Trainee: 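The structure that follows is given in the form of structure tokens.
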Amino acid sequence: MSAENRPSFDGLEVGEVVAEREIELTRDSLVRYAGASGDFNPIHYNDVVAQQVGLPGVIAHGMLTLGQAASVVEEWAGPGNVADLQARFTRPIPVPNPGVAVVTVTAKVGALDPERRTARIDVTVDFQGQKVLGKAQALVPCA
Amino acid sequence: MPVNIEAVGRAYGPHEPYEVTRIKIREFADAVDARSFAHLSEEAARAEGYPDVVAPTTFAVVIAQQAEFHVVVDPEVGVDFSRVVHADERFTHHRPIIAGDLISSTVHIDSITQRGGISMVTTRTELVDADGKPVSTVVSTLAVREEAS
């Protein structure tokens, strides 16, 4: 955490949306994430394998979704300023070929700790009207 | 073969240190759409108060997943990787990861619970820098479906 780039605590309100982004996931996004992360589980690029294990087809890496969500929080918090991040992966995001899976990330102030000057940011990732992450929370130290 | 609950408490590592490079941070930042220039340029990172390019929030997974692989391939734990889905993940950063860091990892099996034909395997990977100081703690749960009988 760098003390120089933290967001200001004063003026924050519980319920306030601090950042929002619409993301388009394609097979290209999945291949790119596989390479960058080293997660080469074939359910993220091979439809036959995905169907063999009971999935409708290729799905996005849960960690790609969480990584994208973190980037939305970070855009507000400043790079390197998310001290803690957690989520449950509750619903897969099938990514068509060809085509696009559109998800919306919303980052909202969930709780404020005036003593520590930290903000808990609650993140929702919505795909086709349903949440794909459970208890997605980030802790951000503020100035 | 079901997951062996007696594997709880096992630890693997420390593994050979992972060298964090600028190019890997850039690649990862592109993949998760992290848009700050502090992930790309040393100059921009300095302006944000960092000595070099800073990694995005979930970059630690690159190192943690390599460590977790030692659990998955241990035949005495008995995880069938083709039956695995990722159930949850948590990052606690003691400090941000910076280009140039040499990071060692040790992975611990913290818990295994079994219910309704699914084993939940929770691992905790501790990342430390070259001085042995804590960098990040990564807790990850895999859900492993047992074979239908």
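So that the names make sense, note that chain A is the first sequence line, chain B the second, and so on, each numbered from 1. Because the structure is predicted, anything quoted here is derived from the model rather than measured.
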Trainee: Where along residues 57-64 of chain B does a heavy atom come under 4.5 Å of chain A, listed by residue number?
Mentor: B/Thr57, B/Thr58, B/Val61, B/Val62
Trainee: Flag yes if B/Val85 and A/Ile59 sit in one hydrophobic cluster, no otherwise; membership is Ile, Leu, Val, Met, Phe, Trp, Tyr, and two members link when side-chain heavy atoms are under 4.5 Å apart.
Mentor: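 No, B/Val85 and A/Ile59 fall in different hydrophobic clusters.
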Trainee: Tell me which of these, A/Gly62, A/Pro42, A/Gly38, A/Ala87, has more heavy-atom pairs under 4.5 Å with chain B than the rest.
Mentor: A/Ala87
Trainee: Taking ring pair (Phe, Tyr, Trp, His ring centres under 6.0 Å) as the cut-off, I'd like each qualifying pair that reaches into residues 80-138 of chain A, sequence neighbours left out, listed once.
Mentor: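 Found A/Phe89-B/His86.
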Trainee: May I ask you to check whether over 12 heavy atoms, not counting those of B/Lys24, lie within 6.0 Å of atom NZ?
Mentor: yes
Trainee: Which atoms of B/Arg26 come close to chain A, meaning under 4.5 Å heavy atom to heavy atom: side chain ones, backbone ones, both, or neither?
Mentor: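 When you check distances to chain A, no heavy atom of B/Arg26 falls under 4.5 Å.
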Trainee: Is B/Ala143 close to chain A through its backbone or its side chain, or both, or neither, when contacts mean heavy atoms under 4.5 Å?
Mentor: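 Neither part, no heavy atoms under 4.5 Å.
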Trainee: Taking only Lys NZ, Arg NE, NH1 and NH2, and the carboxylate oxygens of Asp or Glu, determine whether A/Glu75 and A/Arg21 approach each other closer than 4.0 Å.
Mentor: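 So A/Glu75 pairs with A/Arg21 through a salt bridge.
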Trainee: Given side chains that start at C-beta, do those of B/Thr125 and B/Glu68 come closer than 4.5 Å, heavy atoms only?
Mentor: yes
Trainee: Which region of B/Gln65, side chain (C-beta onward) or backbone (N, CA, C, O), has a non-hydrogen atom less than 4.5 Å from a non-hydrogen atom of chain A, or is it both or neither?
Mentor: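 Only the side chain of B/Gln65 comes within 4.5 Å of chain A.
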Trainee: If you count heavy-atom pairs within less than 4.5 Å of chain B, which of A/Gln137, A/Arg32, A/Arg88, A/Gln68 leads?
Mentor: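 Option with the top pair count is A/Gln68.
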Trainee: Quick check: A/Tyr33 with B/Phe28 (ring centres under 6.0 Å apart)?
Mentor: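 Yes, ring centres under 6.0 Å apart.
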Trainee: Extract all donor-acceptor atom pairs below 3.5 Å that involve side chains of residues 10-20 of chain A and protein atoms in other chains or at least two apart in sequence.
Mentor:
unit_1, atom_1, unit_2, atom_2, d
A/Asp10, OD1, A/Arg117, NH2, 3.3
A/Asp10, OD2, A/Arg117, NH2, 3.0
A/Glu16, OE1, A/Glu13, N, 2.9

Trainee: Please table the atom pairs, donor to acceptor, closer than 3.5 Å between any side-chain atom in residues 32-46 of chain B and protein atoms at least two apart or in another chain.
Mentor:
unit_1, atom_1, unit_2, atom_2, d
B/Asp33, OD1, B/Arg35, NE, 3.2
B/Asp33, OD2, B/Arg35, NH2, 3.0
B/Ser36, OG, B/Ala38, N, 3.0
B/His39, ND1, B/Val54, O, 2.7
B/His39, NE2, A/Glu74, OE1, 2.7
B/Ser41, OG, B/Glu43, N, 3.3
B/Ser41, OG, B/Ala44, N, 2.9
B/Glu42, OE1, B/Arg22, NH2, 3.0
B/Glu42, OE2, B/Arg46, NH1, 3.1
B/Glu42, OE2, B/Arg46, NH2, 2.9

